[in-house]
Amino acid sequence: MGYLRDAPDDWLPLRLVDQDGTPLLGAELPPHDTVLAIFRWMVFGRVFDQRMLSLQRQGRIGTIGSIRGQEASAAGLGVAMQGLDWLAGSYRELLTYMVHGVPAETLISLYRGGVPGPFPEGVRALPVQIVIGAQTPQAAGLGLALKLRQERAAVVACCGDGATSEGDFHEGVNFAGAHHLPVVFFVQNNGWAISVPRARQTASATIAQKAFAYGMPAAQVDGNDALAVYEVCREALERARRGDGPSLIEAVTYRLGPHTTSDDPTRYREETEVKAREAEDPLPRLRRYLEHAGIYEEGLQERLEEEARESMGKAVAVAEAVPPVTPEQVFDLTWAAETDGARRERERALRELREVGEL
Amino acid sequence: MGYLRDAPDDWLPLRLVDQDGTPLLGAELPPHDTVLAIFRWMVFGRVFDQRMLSLQRQGRIGTIGSIRGQEASAAGLGVAMQGLDWLAGSYRELLTYMVHGVPAETLISLYRGGVPGPFPEGVRALPVQIVIGAQTPQAAGLGLALKLRQERAAVVACCGDGATSEGDFHEGVNFAGAHHLPVVFFVQNNGWAISVPRARQTASATIAQKAFAYGMPAAQVDGNDALAVYEVCREALERARRGDGPSLIEAVTYRLGPHTTSDDPTRYREETEVKAREAEDPLPRLRRYLEHAGIYEEGLQERLEEEARESMGKAVAVAEAVPPVTPEQVFDLTWAAETDGARRERERALRELREVGEL
Amino acid sequence: MKANVVEAVQDALRIALREDPACLVLGEDVGRNGGVFRATDGLQQEFGESRVLDTPLAESSIAGVGLGLAAAGMHPVCEIQFAGFLYITMNQIGSQVARLRLRTGGSLKAQMVIRAPYGGNVRTPDLHSDSFEAIYAHTPGIKVVLPATAYAAKGLLLAAIEDPDPVLFLEPMRIYRGYREEIPDGRYTVPLGQARVAREGVDVTLVAYGAAVGTALEAADALATEGVEAEVVDLQTVAPLDAETVLASVRKTGRAVVIHEAARPGGLGAEVSAVIQEGAFYSLEAPIERVTGWGTPYPFVQAEGLYVPSAARIAAAARRALSA
Amino acid sequence: MKANVVEAVQDALRIALREDPACLVLGEDVGRNGGVFRATDGLQQEFGESRVLDTPLAESSIAGVGLGLAAAGMHPVCEIQFAGFLYITMNQIGSQVARLRLRTGGSLKAQMVIRAPYGGNVRTPDLHSDSFEAIYAHTPGIKVVLPATAYAAKGLLLAAIEDPDPVLFLEPMRIYRGYREEIPDGRYTVPLGQARVAREGVDVTLVAYGAAVGTALEAADALATEGVEAEVVDLQTVAPLDAETVLASVRKTGRAVVIHEAARPGGLGAEVSAVIQEGAFYSLEAPIERVTGWGTPYPFVQAEGLYVPSAARIAAAARRALSA
Ligand SMILES: Cc1ncc(C[n+]2csc(CCOP(=O)(O)OP(=O)(O)O)c2C)c(N)n1
Ligand SMILES: Cc1ncc(C[n+]2csc(CCOP(=O)(O)OP(=O)(O)O)c2C)c(N)n1
Ligand SMILES: [Mg+2]
Ligand SMILES: [Mg+2]
């Protein structure tokens, strides 16, 4: 006996910059303007998050997830993407959506309960996914289209650690593997799926090694090391654009805030755990690197914060000026080619609303 | 760059007995009576298959899958199982079902289009699954019940190479991993999912390594080496029964016949491939081992074949004596606790049939 | 005891876990977190991790694992976090759970409950407000139950857990935390497969279930001020349908309005309408009205208030029926 | 050309692949094998592996990949091997494909077709004979089309492929290899959303779709020998429903029988019945009859002949309607 074999267990998350901002020996780091762009977006993400939570508390938007603590993963990925790349993500990737070109006001509109789109012309992204895992096979489909049309572009399919348990995650990644598609699967392992800790989600020692089930290479990266995230995404994206096939990246990070504004994390996780992770906040870490590299100008963060607050203020104003969704719009968007039967049903519904003065 | 990492690629299917029947150096082989039991079931499986195909040609049963070439996997597994173990398999595991205690006549009834059950009291098995992959999470549920009740028994969840692409396969195996359940996932990789070759099904170099995505150990075994299959299953089952958790076994075998009686494999695979695999037929191979081990009595195979034919003859007679399913039965089996509304619908349906003399 | 709907559900689960050793509860976040709506609050603490289990984030497996547990003789209560995700369980429930007994000639049964909060007008994100009772009502082999009050929630859930057939139990989110009503302590059951008359009347029958029953009662109040006595029938179990209770009412009133918030085409209102005209054709004095969601997907929060039937729409339909 | 239904489907796919460079075909075994029913026979040979693709065995991903392709501007035609497996695609189709346009404010559309053979009485194994049109008809945002003839199969499929909305296209297995009828060479379309009168009559309306249209016509023949002139309406598209054509017929005949082989409760017959009594209440001279599968899952082969509506059951229902 003794015929069963175990998985390799020698994973070590890739890190290029230490907690204190010092680059690791021999680390190849992105150029300064890239680093600054990442920093700027991380600051924007932090401000965006604060503003959204306060809008929610004021009842001006609905339930929203917090992205605090995950800005390095989101921005590192977003900055590594290019204009022709497609993004397929979820509610936890709002910052990546914005880096990729979706204006904050569109996302605010969405959380105000309005029509979630359209995104600006030319921004290649699927709608912000709510159904966990559903975007994964869709991303494979986008990848197949790119491959068939021989476009030099990649697809990024984001999801969380919990999402890797869904059947759709499996089917989508396997499809991309089997058809050798230009898709990068980017998993933000933030330690929790609402109240279920990563270790209970799957017995797999890492999320990264799940890639081996699909015959594609993988990396596990310190998701709070923005530059490591950027570099590994760049490699995976280039590989995909080159036609060398899919890969999977696990970014190990931590959700510092609640799952959403409806969630009370004190019910299921220890304050001490959160405290410990606060100390690993990716934003001061990248700032320390900027200082270390001598590219941090005095007051930069404060300036960027101010800029972000201003731009959020404008975005909120724009979003709040959008008139509420009408039933007509809902019908208009249900069918591109309305049949006679569908038109009659529209008229019936509107007549009923008018009759009681609801319209 | 160069941060992405590939899967281990040093798999070698476990083999205990060579093509010519010689045991490999140092191989620990099962006792002779076990070997003989496996051989007897393999012969039975071969005869069963022939008989079922001919019944189908005569129009006495419906479409059926062929198991020719896969008897070593099916019987090696079946003989390694114990009475308290649960079996959750599909149309390709009919032989395993029979080894586990389901009489041939029950399966013949099923293929005659009758009610597929019940199985004999005490035979622990889910119905023969037709929906690819659906049995996998169900098997995890059985395993959870065993674990919660602290029964010393295991669950075997069988499926094919194609089935590993289904979302349900993933969810079921992951659940068993996450909850450390006594389940053995047994995948018969017979090279094809109808017309889709194994290599197109998934880019994973082996099916075995998919286990690593779920944090469980795996083995790849020569599925035409009945004794290797038996030994690896015994290890995995013992492990599960002991409470040491799930594992996954890939049995590499080959479907020598058509996918089902409705399939024409010449449309998609080369005769030369099949010819080459005919030479690796597991039945003569085990017979050669019996001869090599000096436990093959002259005429044994012929005697077993004769026995099998006789018992199949009886089984067919029993099955063909079962009266056809009635609508009443279908209603009886739909609801265990029929509500008034359901009873009225039953009466309405039967009245309608009686009115036109169809009942 | 005083309880709102979610507390009634929780009480039923507690009683079942206490009294039935084969009963267990599983789902996403049902353990330490007590469910995102607190329907399982405190249960893991009281009954331990082997009776109240967090599952991986995978709905098809929650249903499939439930089937396996049931086949082995357990009585699982599976939670799907929101009814919108019942699409994902369609295969395991429709092709497997609902047919296990049929397929095994009766030797295995799927005595299990799948619970999910359903319904709209609660300002939740996309796919969190949908009502899919109709697709499961078209799936014979599984009973589909929707309580409209705290009393019914507890009694129907306890009945569902002990029923030998699988039951899809849809809990109206909108009234989860509504007012607390007095309900009996301890075990009691409300029988499956039976509608109830929630308000008696003679002029028109309003047929509803789940949260819409409350809206129908509101409409009945409004109609009463006009001298119209509406009878409100609460279906409670929508599959198999208790046609007799509906028919008895319509035979009396001659007029019917069927209400649900799911999309109109192919919704449960169609079945109720069909059944009424089959069984009470000669009593009908006006076309049966349906007040439902539209022929569109459930819309975004900003439009949902117009999609979900209001008391005004129901009353207007009743007036149409009365003046026809 | 002469073609049976499966040949008509194949011809439509060939034309679409030839004329629309964005069109591609994907599914299990659609490539070298040409599909288990040969609907895609020879297509991979003619158009190559990048236009006709075998997928892994995973239906949810087939639908999801289809969505991604469509979002990127392709016009995929996805095959699900048997309609029974459409349960598995329910989430991708219902929560995703049908809502892509809505969710993106119209900037992305899911111009795609999902084809599947459906229906019973063909002696296939478990879950290979089911009819799930009703659950998709309750899913606004996707059109549901079922051809009843080779002519319609080709014309409707070509219309579906060029329609900007997603279409579920259910092909009646039972008449796949029925008799060959003469159909036009080259491209023609049959408009989506329109029912057709398959036989004119004045005494009773038989409403059917897919393979049941043939059975209804048989029943009409039988009724004709008794002097009853039945009108047969073939719905062709069941969602969105073309109520007007049905209503026009019932206003004339005053009597209706709705036929389908799916389970009765919550089946499409309920919607048709509801729509008829809403729109033609005052013309109705008898209760609308439904001739359908039972309130059970599709049964085993030995009982299916009694489950699927026969011409005799349809004719009997018509006689009931006529003598009411
Ligand atoms: C299919 C589905 N099931 C359940 C939910 C409810 N839900 C929303 S987020 C979430 C946890 C997701 O965890 P993870 O994938 O780790 O992402 P994270 O929220 O941590 O970023 C759950 C269960 C959902 N939206 N969709
Ligand atoms: C969910 C589902 N999809 C498709 C089918 C049709 N089908 C039956 S067997 C089969 C191939 C199965 O391949 P594999 O899992 O390798 O098992 P094998 O038949 O080779 O033993 C397919 C596609 C099915 N039965 N169920
Ligand atoms: Mg997470
Ligand atoms: Mg196979």
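Sequence lines set the chain letters: A, B, ... in the order given, protein chains first and strands last, and positions in each chain run from 1.
Interface residue D:Ile88: backbone and side-chain heavy atoms are both found under 4.5 Å from chain C. Heavy-atom distances place both the backbone and the side chain of D:Tyr87 under 4.5 Å from chain C. Contact of D:Phe85 with chain C is not made at all, since no heavy-atom distance falls under 4.5 Å. Contacts of D:Ala280 with chain C are absent, with no heavy-atom separation under 4.5 Å from either backbone or side chain. Of the atoms belonging to D:Leu284, heavy atoms from both backbone and side chain fall under 4.5 Å from chain C. At a 4.5 Å heavy-atom cutoff, C:Tyr136 makes no contact with chain D through either its backbone or its side chain. Proximity to chain C is absent for every atom of D:Gln96, based on heavy atoms less than 4.5 angstrom apart.
When the candidates C:Arg103, C:Glu59, C:Gln92 are compared by the number of heavy-atom contacts under 4.5 Å with chain D, C:Arg103 comes out ahead. Contact count against chain D (heavy-atom pairs under 4.5 Å) is highest for C:Asp130 among C:Asp130, C:Leu241, C:Thr89. Across C:Ser60, C:Ala286, C:Ser273, C:Ala324, the residue that shares the most heavy-atom pairs under 4.5 angstrom with chain D is C:Ala286. Comparing D:Gly279, D:Gly295, D:Gly84 by how many heavy-atom pairs each has under 4.5 Å with chain C, the most go to D:Gly295. Comparing C:Pro299, C:Gly267, C:Gly141, C:Ala239 by how many heavy-atom pairs each has under 4.5 Å with chain D, the most go to C:Gly267.
Counting non-hydrogen atoms of neighbouring residues, nucleotides and ligands closer than 6.0 angstrom, the CZ atom of D:Arg251 exceeds 12 such neighbours. Few gaps surround CZ on D:Arg319; more than 12 heavy atoms of other groups in view lie less than 6.0 Å from it.
Of the charged side-chain nitrogens involved, at least one lies within less than 4.0 Å of a carboxylate oxygen, so that D:Glu278 and C:Arg264 count as a salt-bridged pair.
Annotation for D:Glu271 and C:Gly266: closest pair OE1-N, 2.7 Å, computed over non-hydrogen atoms. When all heavy atoms are compared, the tightest approach of D:Ala98 to C:Pro297 is O-CG, 4.4 Å. C:Ser131 and D:His138 make their closest contact through O-NE2, 4.2 Å (heavy atoms, listed as atom of the first residue, atom of the second, distance). Closest approach of C:Pro287 to D:Tyr282, counting heavy atoms only: CD-OH, 3.6 Å. Here the shortest heavy-atom pairing between C:Ala274 and D:Ala270 reads CB-CA, 3.9 Å.
Rounded to the nearest 0.5 Å, atoms CG (D:Leu102) and CZ (C:Phe300) are 3.5 Å apart. From D:Tyr298, atom OH reaches atom OG of C:Ser95 across 16.0 Å, with rounding to the nearest 0.5 Å. Here CD1 of D:Ile135 is found 6.5 Å from OG1 of C:Thr139. Values are rounded to the nearest 0.5 Å. Residue C:Met90 holds its CE atom at 7.0 Å from CZ of D:Phe132, rounded to the nearest 0.5 Å.
The closest donor-acceptor contact from the side chain of D:Gln277 to the backbone of C:Gln277 lies at 3.5 Å or more, if one exists at all.
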